[in-house]
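The next block holds one structure in the form of structure tokens; read it before the comments.
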Amino acid sequence: MLHIKYIFSNLFILLLTLGCQPDLLETIPNDRVSSDIFWETESDAEFAANAVYPTLDGLNLVTYDGITDLLHSNRPFSSDLEIERGLIAADNGRFLNEWDAAYTAIRRTNDFMDNVDRVENADPEVINRLKGEVMTIRAYHYIKLAMLYGDVPLITTGIGIEEGRTVDRTPVAEIWNFIAEELDQAAEWLPLENGARVSKGAANALKARAMLFAGRFDEAAEAASRVMDSGVYSLYSSYYDMFQYEGEGNEEVILDRQYAGGINTHNIYTVLAPWSQIGGSNGSQYVPTSKMVDMYEMSNGKAIDEAGSGFDPFNPYENRDPRLKYSIFVKGIELPDGDIYDPTPGGGGSDPVGETVYATSTGFNVRKYVDEEDFENPSNSGLNIIILRYAEVLLTYAEAKIELGEIDQSVYDAINTVRQRPGVEMPLLTQSEASSQSEMREAVRKERAVELAFEGLRLFDIRRWQIADEVMQGIPKGMRYVEDGQVKQVELTGVDRNFNAERDYLWAIPQRERELNPNLSQNPNW
């Protein structure tokens, strides 16, 4: 009994003490950063801006091209293969993953913008610079959403769960207006050079891309011109090295996703490299098609099927645009382990077609971003992934001017600067070869395909050009090879591509999102 009285006596004293100290239980959590002690210094603002950068795409960029005519998704039963074949519904995992990733990033950027002005006694230039960086990244994600889904909710401040269940889709024209205004303001606040961070050039280059996608060609040309006139960027001297460790941070890169081996890594090597260089179930997850390979001109500037090109079907990869072998493993190229790439079916080489379900099914492999330094530790790549580079800006300027009907010498100069890069040095495009709008349109589209291959832009290009229903049909083909003295070509007979022009130019709003929010209408025919 005395023991019980002692306990109650101490409990009464404790309660009395707490009653006299009303703030004692209002503690700040020590397992995470609390908003009660954050947003006080410039360092806090910079840390918060840094947290937005990892939302930029890295390896994901290649997977966009993986569902176009340039690549084939080389894994059975993958959601990307379902998209490639047109066997998809609104509950496709890729649709939901892209939506979730973009809006997770936007939530993070909105949190920054909602709170950064709470920082007191900060240098306004620093705060505005950080705002410009974050606004550019937010615009980046809205560009993807607009191109993938069309009308999407435009959310620019933090919202709660219940509000998230009632938001409506915003007309895509308003999304493009927001992107343009956002990037103009960001460019005003950002410096010309900003180290590895988002710069004025990145904001302007991204606006050029966005306005090209939106069909607002005058604004696209103007934004591209601002980048070109800045004098900050030029083409790098080696197309191949640009996508290797050797070329990181070169003068052509406007924005990239930064990585570091052993600290912040990715596994692009295990996704793209030939199966022989990794083994197991890795490698060759996306493989180039013959449609991609055939786009590369002969070294004399002629298409392979053009009279006088000199194309030899018995030696199909010789005397071609050098970017072919810089971008794609074709027969005869040295592999990271020192062996020679040979995918000839039944030929006993390094990567014969059909050797395993994981080996290349087309006879080609992506070479961009496959660096031999990653061979020993392929899942630990620290190779930076390029998001924006100067060659794209030049081609954006040229295409915008062509669509405006303003085909002058500056258009030829922009295209030829890309074609004449050291180590590429393809023949100049001249007025005698292409002068009309349709001829120039074809020329710049082909140039975009080969110059920017596997960099995540083709999916958006074939949609805005309204050619996806042409190029994404039928059985994909692969390498040409010689058997019994005859030229044969690999065909993926088990893969029949299909693109429904009445449905597939926009992805479905993910089914799960519509179940959570009935206000989200669905795109046509889904």
Side-chain angles (χ1 to χ4, degrees), residues 48-68 73 75 77-84 87-114 134-170 172 175 178-179 182 206 210 213 257 264 266-268 271 285-286 385 387 456 459-460 463 503-523 526:
N50 291 348
V52 173
Y53 277 83
T55 71
L56 288 169
D57 286 315
L59 170 59
N60 198 46
L61 289 175
V62 179
T63 70
Y64 290 138
D65 279 11
I67 46 179
T68 72
S73 182
R75 289 294 182 271
F77 312 115
S78 70
S79 60
D80 285 352
L81 184 59
E82 291 177 357
I83 295 173
E84 187 179 342
L87 303 176
I88 38 178
D91 61 355
N92 183 277
R94 184 72 188 269
F95 298 168
L96 178 60
N97 292 341
E98 294 290 347
W99 181 282
D100 279 354
Y103 276 110
T104 297
I106 289 166
R107 175 60 184 257
R108 197 176 294 185
T109 62
N110 289 344
D111 182 65
F112 176 93
M113 298 301 293
D114 287 345
V134 171
M135 291 165 69
T136 301
I137 295 173
R138 179 164 63 178
Y140 173 83
H141 290 291
Y142 270 116
I143 291 169
K144 290 195 304 176
L145 286 169
M147 290 301 293
L148 293 174
Y149 305 98
D151 301 348
V152 293
L154 178 60
I155 303 170
T156 59
T157 60
I159 61 174
I161 294 175
E162 290 308 313
E163 189 176 354
R165 293 179 185 276
T166 60
V167 294
D168 297 316
R169 296 173 69 186
T170 303
V172 71
I175 302 293
F178 169 78
I179 291 167
E182 189 95 328
L206 194 59
F213 287 0
R257 173 75 186 272
N264 177 28
H266 58 83
N267 65 333
I268 198 167
V271 170
Q285 292 186 31
Y286 297 93
I385 307 296
I387 295 171
L459 177 64
F460 307 124
R463 285 177 169 221
R503 182 194 66 177
D504 295 341
Y505 275 105
L506 290 175
W507 278 357
I509 304 301
Q511 183 62 33
R512 193 192 73 174
E513 294 299 315
R514 297 190 67 234
E515 291 170 355
L516 294 171
N517 178 8
N519 283 354
L520 293 176
S521 59
Q522 186 55 280
N523 282 324
W526 284 100

Keeping N519 on the side-chain end and T166 on the backbone end, is there a donor-acceptor pair under 3.5 Å?
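Present.
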
T63 (side chain) donor-acceptor with G66 (main chain) under 3.5 angstrom
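Checking the backbone N and O of G66 against the side chain of T63, no donor-acceptor pair under 3.5 Å is found.
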
Between the side chains of R512 and E515, is the shortest nitrogen-to-carboxylate-oxygen separation below 4.0 Å, so that they form an ion pair?
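Between R512 and E515 there is no salt bridge, as every charged N stays at least 4.0 Å from the carboxylate O atoms.
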
Atom pair [atom1] ([X]) and [atom2] ([Y]), whose distance is rounded to the nearest 0.5 Å:
{"X": "I155", "Y": "E163", "atom1": "CD1", "atom2": "CD", "answer": "8.0 Å"}
{"X": "I143", "Y": "I175", "atom1": "CD1", "atom2": "CD1", "answer": "11.5 Å"}
{"X": "S73", "Y": "I83", "atom1": "OG", "atom2": "CD1", "answer": "9.0 Å"}
{"X": "M135", "Y": "T109", "atom1": "CE", "atom2": "OG1", "answer": "10.0 Å"}
{"X": "L56", "Y": "I387", "atom1": "CG", "atom2": "CD1", "answer": "4.0 Å"}
{"X": "I509", "Y": "Q522", "atom1": "CD1", "atom2": "CD", "answer": "6.0 Å"}

Nearest atoms (heavy-atom pairs only) where [X] meets [Y]:
{"X": "S79", "Y": "N92", "result": "O-ND2, 3.6 Å"}
{"X": "Y64", "Y": "N60", "result": "OH-ND2, 3.2 Å"}
{"X": "D114", "Y": "G158", "result": "OD2-N, 2.7 Å"}
{"X": "G150", "Y": "L506", "result": "N-CD2, 3.5 Å"}
{"X": "W526", "Y": "A508", "result": "CD2-CB, 3.4 Å"}
{"X": "H141", "Y": "I106", "result": "CB-CG1, 4.1 Å"}

Might you work through the ring-ring contact (aromatic ring centres under 6.0 Å, His included) test for Y103 and W99, ending with a clear yes or no?
CA-CA 6 Å; Y103 276 110; W99 181 282; 5.1 Å; yes

When the ring planes of Y149 and W507 are compared, do they come out parallel, tilted or perpendicular, using 30° and 60° as the limits?
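Because their plane-to-plane angle is over 60°, the rings of Y149 and W507 count as perpendicular.
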
Classify the ring geometry of F178 against Y142: parallel below 30°, tilted from 30° to 60°, perpendicular beyond 60°.
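The arrangement is perpendicular - the two ring planes meet at more than 60°.
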
Can you tell if the side chain of [X] reaches within under 4.5 Å of the side chain of [Y], non-hydrogen atoms only?
{"X": "R165", "Y": "I161", "result": "yes"}
{"X": "D80", "Y": "R94", "result": "yes"}
{"X": "V134", "Y": "R108", "result": "no"}
{"X": "I385", "Y": "L59", "result": "no"}
{"X": "Y140", "Y": "D57", "result": "yes"}
{"X": "L459", "Y": "R463", "result": "yes"}
{"X": "V271", "Y": "V62", "result": "no"}
{"X": "E513", "Y": "L96", "result": "yes"}

Carefully, step by step, assess N523 and R169 under the rule side chain to side chain contact (heavy atoms under 4.5 Å, CB included).
CA-CA 11 Å; N523 282 324; R169 296 173 69 186; 2.7 Å; yes

Would you check if there is a donor-acceptor pair between the side chains of N264 and R257 at a distance under 3.5 Å?
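Result is no, nothing qualifies.
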
